[in-house]
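First comes the structure, then the notes that go with it.
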Amino acid sequence: MADSAWVPRLATSVAATTDTPRHAALVRVTHWITALCFLALLVSGVEIVISHPRFYWGETGNVLTPSLFDLPIPSSRDTVQTGYSYVLPDQNGWSRYLHFQAAWVAVLTGLLYVVSGVLAGHFRKNLIPLGTDLSWRFKHSSGSDPWSYNVLQRLTYLFVIFVLFPLVIWTGLAMSPAVASAIPATVTVFGGQQSARTIHFFVSVFLVLFLLVHIVMVYLAGFRSRTRAMITGRVPYKEQP
Amino acid sequence: MSNLSRRKLITGGLAAAGAAGLAVAAKLADRYGLIPPDHGGIYGAGATLTYASQRLLTRHSLAREFPRSLISKDPFPNGDPPHDEDFGRLEAGGFADWRLAVEGMVARPTSFSLAELKSYPQRSQITHLACEEGWSFIAEWTGVPLSHVLELVGILPQAKYVVYYSVQRDWWDSVDMADALHLQTLITYGMNGADLPVGHGAPLRVRVPRQLGYKSIKYLTRITVVDSLAHVRNGLGSLSPEIGYSWYAGI
């Protein structure tokens, strides 16, 4: 190893021995890509919903039929009676392109995360609750390690990864007339295309609630060190257990 | 071999393989007609992935059809009908003088009257019309399959897309041959057992039930068969991509 190119790397590897590894590179990269996609999907999703802030159940629904519920917001289309005297600027166009593009990136990133997470034992090591962990109180798993997740956190992460994300993708696909033509069960299991749209909305709301709680918990646990760990993958030496 | 050069070799090799793989994939995708006309620009990747994957998945699939009991009592006719003098005159005459011109890469360019179109074998289907805004309705649509009309005029082998125009100037669109020749792609003149109402596109409306409502243009007046969309108006196959709506709307 007399190669001179190794000299600058020496410094980082010295630092590495003083910090402990926290998140695997793949977890970090997929985390931030997903975060970006989520932001894009949220903004574009809000813009899309503004063009018709009414929800229905079953196969069909439009401004001439009763709704299940209406969002108390103005609309970007003058065909929707909202109770507001003005119509918002229509941003549906680029929002749709962005929504579908971000969805593709999020789905591919999610697949990479889940497959590599299974292969690398990420779910088993970090997210599946420990057998000995029977307490539902805000207590950390694996003894005194403050960087480990408690059982409620573990179950929440698993619920988001394996229930909410698949459901929001599925209900999104269920709104596609082409996908429904190839695999009708995509939409019939929800009782119709409008039911799928309504469920898509509620799952998105749950994901936003998760995001808010996630950010609050990161803040409470130490915003700088936790964010740093998700970027660099390491826990600072002084914060090691 | 040092670690560094091995690492360089591996990453370089992977990058080269990736680039070559992408180039091959692009070539294959183009050959099998999996690249949409709006593949350029920052959202082109998403639009292309959607079109390619859905085209592979749905080439022959049939849009869901529904029982009569699910027909919507209140189908919403979005948008305003044309209010120019010409349209008014045609409407007053029961659209007897309405013509549909079919031209382009066809053996026998023809102009059809409404009566002629109605004399051809008809198909009725109860399908869902979903608007990109999020609302929808189910109706029974009656018309002549587009494939039948294309067969009458004799499409040439190099035909790849069918472009169709409304009398409303900015409303035009196009589909690939998989959708153009699809059993359920109709030129409709009837809805729910009666003549198509003007609000829903009378006298003629294209129905592409495997795509969102904006592909089903109203007041159809002209059809052109082409081998490429590059030189048709904006080159994007439709006005929609200009204002942000993807050309392929199977979503």
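Just so we're on the same page: letters track the sequence lines, and every chain starts at 1.
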Checking [X] against chain A: side chain, backbone, both or neither under 4.5 Å from a heavy atom?
X	result
B:I243	backbone
B:E242	neither
B:P241	both
B:S72	side chain
B:S240	neither
B:L62	backbone

Shortest non-hydrogen contact from [X] toward [Y]:
X	Y	answer
B:A249	A:P177	O-CG, 4.5 Å
B:S246	A:Y97	CA-OH, 3.3 Å
B:I251	A:V179	O-CG2, 4.5 Å
A:N62	B:D74	ND2-O, 3.1 Å

N-O pairing of B:E133 and A:R197 below 4.0 Å: no
Atom [atom1] of [X] with >12 non-hydrogen neighbours under 6.0 angstrom:
X	atom1	answer
A:H200	NE2	yes
A:W57	CH2	yes
B:Y32	OH	no
A:F206	CZ	no

Most heavy-atom pairs under 4.5 angstrom with chain B, which of [options]?
options	answer
A:H52, A:Q91, A:R54	A:H52
A:I183, A:L64, A:V80	A:L64
A:T65, A:L173, A:L98	A:L98

State the [atom1]-[atom2] distance between [X] and [Y], to the nearest 0.5 angstrom.
X	Y	atom1	atom2	answer
B:I138	A:Q193	CD1	CD	9.0 Å
B:L129	A:T60	CG	OG1	11.5 Å
A:S176	B:L57	OG	CG	8.5 Å
A:S181	B:R59	OG	CZ	12.5 Å
A:Q101	B:T50	CD	OG1	9.0 Å
B:W135	A:S67	CH2	OG	15.5 Å

Winner by heavy-atom pair count (cut-off under 4.5 Å) against chain A, out of B:G44, B:G46, B:A45, B:A47: B:G46
Close side-chain approach of A:F100 and B:L49, heavy atoms under 4.5 Å: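 Not in contact.
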B:S136 versus A:E59, side-chain donor and acceptor atoms under 3.5 Å: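 No, no side-chain donor-acceptor pair sits under 3.5 Å.
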Side chain, backbone, both or neither of A:V187 within contact of chain B (heavy atoms, under 4.5 Å): side chain
